[in-house]
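What follows is a set of notes on a single structure, which appears directly below.
Convention: sequence-line order gives letters A, B, ...; per-chain numbering from 1.
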2 protein chains.
Amino acid sequence: MRTVGSNRNDTLRAIRQSAVKLIYEHGYEAMSLRLLAKDVGIQAGSLYNYIQSKQSFLYQLLKEITEESLVELTARLDGIDDPAARLRAFIAQHIAFHTRRPKEVFISNMELRSLSPKHYKAMVALRDRYQGCLREIIDGGIASGAFRVDDPGVATAAIIAMLAGPSVWYRAKGRHSLESLTEIYTGMVFDMLGGTRATTRRRVLRRA
Amino acid sequence: MRTVGSNRNDTLRAIRQSAVKLIYEHGYEAMSLRLLAKDVGIQAGSLYNYIQSKQSFLYQLLKEITEESLVELTARLDGIDDPAARLRAFIAQHIAFHTRRPKEVFISNMELRSLSPKHYKAMVALRDRYQGCLREIIDGGIASGAFRVDDPGVATAAIIAMLAGPSVWYRAKGRHSLESLTEIYTGMVFDMLGGTRATTRRRVLRRA
DNA sequence: GGGCTAACAGAACGAACGTTCGTATGCCGA
DNA sequence: TCGGCATACGAACGTTCGTTCTGTTAGCCC
């Protein structure tokens, strides 16, 4: 039968939303389709009107999440040339996405292990494109003399890792607003990249 | 029955080792006891000579891992008073443990979700004790004028997060030795904490 | 308002799940 | 050499798994 008010787009969105929550809570392998269906409000068998298999569903989910973060990042960096300004934009975007979509970020990092080898490679390539944006910014800053680091690769990894932290513990009602948190992290990153913090607006303001 | 050469201590160690690997690969909920038993080389039912339940087994496993890291850290910091020296010791210890036991670290971070509320609280308390060590070092350095930060709490979280990175991608045969990697991270951390890098032995060597 | 299709219910499949239990065998002290 | 404890087997319990299939109803078009 067809239940009252049922609609393909709404159901699909509900499935994705519930899946993110349940994979976050139980892990992909341990998320049963019956639990997912119950959370959506349909029967388990009905999920197969929307997914081809549990396995391919995971890939589609992770792929869309990562692609969305990449699209947002690209849009935000567009038109900015100065390495320091690009870095500030990257930091703000990264923290914003990670605090806005913490569960999506979590499962994108954790459940790559559950993908087939082919899908795993595709996801790693996507992630590398994202991290490559930061790497290019750092390399650009080094070339222009704005940054100074021991090892650009390690610095890239370190910055990515530390900026991902707030996705775990940030709460909107917490001690810091998103803006002040971004400022604090921005200051630390610029310090890491060779003490160029003094040339930024922020340091000037603080010293005033 | 009793199989040839079977021994309680050896079997227990094998169970722990296999469990870490399988939880790392599949997640706790998705790791079946039959798969664990097969990896150890015994039957599923025989596991219950060593565990009380799958649930309590997870807690014991995570608890021992975290306690071990805490014991190692405490031993390494023992007798060191200077904040900068204590920080260097913390960084070296953290990176060393995280690269030596990457799977243990991974599951300790990821599978807290699968613990009962009581066990979850106990694990968070343990983790907070560990992170509290870094926090005290930073606070001590601020008090002595060695460090300068915008927010000690955020700085603590940022350092913990960025130092955990290598546990994911570090390979012993890779581009960096553990020592040089530790040096690079040490430099970045000291930069983050107010540009006191110039006062460290490392910076002096580099400038020479 | 009658037919068409999109959307879902619900039963069913064999396999696998955590856990219990009775039984059998290796090992060690006497 | 032999009794007893330590250690593991392997069958069994009821439940749940991913997936397929058939049937039935709601919403839309003419």
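Distances shown here put a side-chain N or O of T11(A) below 4.0 Å from the OP1 or OP2 atom of dC8(C). Within the 4.0 Å cut-off from OP1 or OP2 of dA7(C), not a single side-chain nitrogen or oxygen of S46(A) is found.
Residues passing the side chain to side chain contact (heavy atoms under 4.5 Å, CB included) test with E64(A) are R16(A), Q60(A), sequence neighbours excluded. For S167(A), there are no side-chain hydrogen bond (donor to acceptor under 3.5 Å, both in side chains) partners at least two apart in sequence or on another chain. For K21(A), the salt bridge (charged side-chain N to carboxylate O under 4.0 Å, His left out) partners are D39(A), not counting sequence neighbours. Listed by chain and number, the residues in a ring-ring contact (aromatic ring centres under 6.0 Å, His included) with F97(A) amount to none (sequence neighbours excluded).
Q43(B) has its CD atom 17 Å from the P atom of dT19(C), to the nearest Å. In this structure, NZ of K54(A) is placed 14 Å from P of dT20(D), rounded to the nearest angstrom. Taking atom CG of residue L47(B) and atom C1' of nucleotide dT19(C), one finds them 11 Å apart after rounding to whole Å. When rounded to the nearest whole Å, the span between OH of Y50(B) and P of dT19(C) equals 18 Å. Rounded to an integer number of Å, the gap from I51(A) CD1 to dT20(D) P is 10 Å. Note: CD1 (I42(B)) to P (dT25(C)) measures 19 Å, nearest angstrom. Straight-line distance from the CD atom of Q55(A) to the P atom of dG18(D): 12 Å, rounded to whole Å. The interatomic distance linking Y48(B) (OH) with dC9(D) (P) rounds to 15 Å, in whole Å.
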Atom pairs and distances, side-chain donor-acceptor, residues 120-127 of chain B, under 3.5 Å, sequence neighbours left out:
none

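Residue Q17(B) qualifies as open at atom CD: its count of foreign heavy atoms under 6.0 Å is 12 or below.
Looking at residues 20-41 of chain A, you'll see R34(A), G41(A) sit with a heavy atom under 4.0 Å from some atom of DNA chain C.
Residues Y185(A) and F190(A) place their aromatic rings such that the two centres sit no closer than 6.0 Å.
At a cut-off of 3.5 angstrom, counting only N and O atoms as typed in the model, there is no donor on one side facing an acceptor on the other between the side-chain of N49(A) and the base of dA7(C).
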